[in-house]
Colleague: 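What follows is a structure written as structure tokens; I'll ask about it next.
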2 protein chains.
Amino acid sequence: MSILNAIRDQWNDLHPKERELAGFLLEQPQQAVQMTISELAQRSGSSTATVSRFCRSFHFQNFADFKMRLAAELAQQPAQMQYQDIVAGNPLQEIVSAITANHLRSLTDTTRLLDLQQLRAAISALHSANRIDLYGAGTSGMIAQDFFHKLIRIGKAANVYSDPHMQITSASSLTERDVAVGISYSGETLETINALRCATEQGATAISITKFGNTALAGHASIRLFTSSAEAGMRRGDMASRMAQLHVVDILFTGLVSEHFDEYVPRLENSFHMVRRYTGKEEREPS
Amino acid sequence: MSILNAIRDQWNDLHPKERELAGFLLEQPQQAVQMTISELAQRSGSSTATVSRFCRSFHFQNFADFKMRLAAELAQQPAQMQYQDIVAGNPLQEIVSAITANHLRSLTDTTRLLDLQQLRAAISALHSANRIDLYGAGTSGMIAQDFFHKLIRIGKAANVYSDPHMQITSASSLTERDVAVGISYSGETLETINALRCATEQGATAISITKFGNTALAGHASIRLFTSSAEAGMRRGDMASRMAQLHVVDILFTGLVSEHFDEYVPRLENSFHMVRRYTGKEEREPS
DNA sequence: GATAATAAGAAAATTATTTACGCCTTCAAC
DNA sequence: GTTGAAGGCGTAAATAATTTTCTTATTATC
């Protein structure tokens, strides 16, 4: 229930009328997706304009887009388990099932949330970028690293920074021909936000990868990519969200390579062979 | 697929233009549900009136009703596909499906391969370890990093090395009270193998995380954990395998924390709160 | 060859959605 | 308290989407 989760998640940031609307959506989602915007407005005690704005504030293209995605989400059979936090002394078998369910869920939810338009825009921006900067802290820093590995394999001029000073230093030298990617699950990591803002000020194209919702980081990006947002159990940490972020990175990368196949694939294969050759015979496949 | 089936079913009774429309719907249902009636009419070479009538002839209330129900239906199917390599110029939607299928597959396959006995042994070894060394190169190095992040959060004396010299240097000072974890998808990365061998010679408990099969790395480990082994497309790289490795790491970590709940959870929560406190108010959740 | 039946598009009518505008509330500064 | 700025939110105008009506073209039947 990533959309409904996101709504619950942002409850505190919602305006009064939006809350009434959100409340109705959370209680009667099945009915809501069958209504027109005016019915929904009436039933939830707000106006069509408010509903429309609500949808856009959650980064949906429009009301129709919102309705379709919510419907798709609701159609998922409830057999799927809910996201679970770590609890005491579970049998190992149950832990395995729970983690697996969390991860599968995270991936399918993220896939459902993906906006192909934004994805296409991101791919195109990355392809034509003169330089690519990647920013992320903590676990998201690792995602950035992963993306970095991929990009240099196809010969992109990419850099990755976790150090806030270096982030700003690098961002300050970007131009409108460059791309900056800010990664943060919460979307509220100050350092990453600042780096992306700085990049935007220099005219670079800013791409954000955050949990779904109205996050500060996404607010500063011109291309927004989202992962599913489960309520964060602090114990569970960022396991599922990290999977989701990697998933988005993989899709971005694969899309990029696929769309410019002849240019990138030879480089990809070359990097593969070279690693093999220079790290000993024993290395038969990428580790 | 009752709606699409019904359309196929009635194929013979359809008028020429309706067939074109039906054909498009059967081929591109995912795209169709995102379109307006006029887009759909245009793409399928008919007119809005025809589409509208088509929906009613199938006893839907109207076009919107049709769209919603089809969307709900499409959301149901999990689309279990085979592992796929990157190919040229696929539509983005297909790339998304393929990657998602790869990842889901990778996780479920890995879960199926998991040996609870080995898992228990690994958890127990990690719990009582005096020191924990993590070795990995390339992408597997990132997995090791990820594990490292997790372990230090619960106060374990962990270290992670990607540099072969440092790996050996550290491994050489391990004792029988320590644990070494070697990560390599192929299981044939020389540096990682050597580091694990060195650790074993010092009497440390060696844990391997490799693809399933008879790999060199697993041969040098006393506790062997496996991920699913799909044929590696060199273009596809290590995306799915990385997901699987992280999956194993997550299960290991969660099992560890769950089994020693009272000891580890306070540390985990403390690290969470401290990161929050020392990285500014804006940081509401782990990035 | 005329007539009836029906397919199917154009356009009109209807309905739905978004946007522009402005009122009203809230909150802070004076 | 008064004033001004900011922003929420509804009304209504503009836009877009959908359905229905009207019309034409085609084919089958007598």
Colleague: Roughly, in whole Å, what's the span from CG in B:Asp65 to C1' in C:dT15?
Modeller: 16 Å
Colleague: Determine whether B:Arg242 and A:Asp146 satisfy the following criterion, salt bridge (Lys or Arg N to Asp or Glu O under 4.0 Å), listing intermediate values before the conclusion.
Modeller: CA-CA 10 Å; B:Arg242 176 200 53 184; A:Asp146 185 86; 2.5 Å; yes
Colleague: Given atom CD of A:Gln42 and atom C1' of C:dT17, what is their separation to the nearest angstrom?
Modeller: 16 Å
Colleague: Do nucleotides 7-21 of chain D as a string where each nucleotide becomes B, S or -: B if the base has a protein heavy atom under 4.0 Å, S if just the sugar-phosphate does, - if no protein is that close.
Modeller: -SBBB-----SSBBB
Colleague: Taking A:Lys67 for the side chain and A:Met35 for the main chain, is one N or O donor matched with an acceptor at less than 3.5 Å?
Modeller: yes
Colleague: Identify the residue among A:Thr110, A:Asp9, A:Thr227 that makes a side-chain hydrogen bond (donor to acceptor under 3.5 Å, both in side chains) with A:Lys211.
Modeller: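 Output: one option passes, namely A:Asp9.
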Colleague: Which residue is it: A:Ser46, A:Ser52, A:Ser47? I am looking for the one with a side-chain hydrogen bond (donor to acceptor under 3.5 Å, both in side chains) to A:Thr50.
Modeller: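 By the side-chain hydrogen bond (donor to acceptor under 3.5 Å, both in side chains) criterion, A:Thr50 pairs with just one of A:Ser46, A:Ser52, A:Ser47: A:Ser47.
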Colleague: Does B:Gln61 have more than 12 heavy atoms from other residues, nucleotides or ligands lying within 6.0 Å of its CD?
Modeller: no
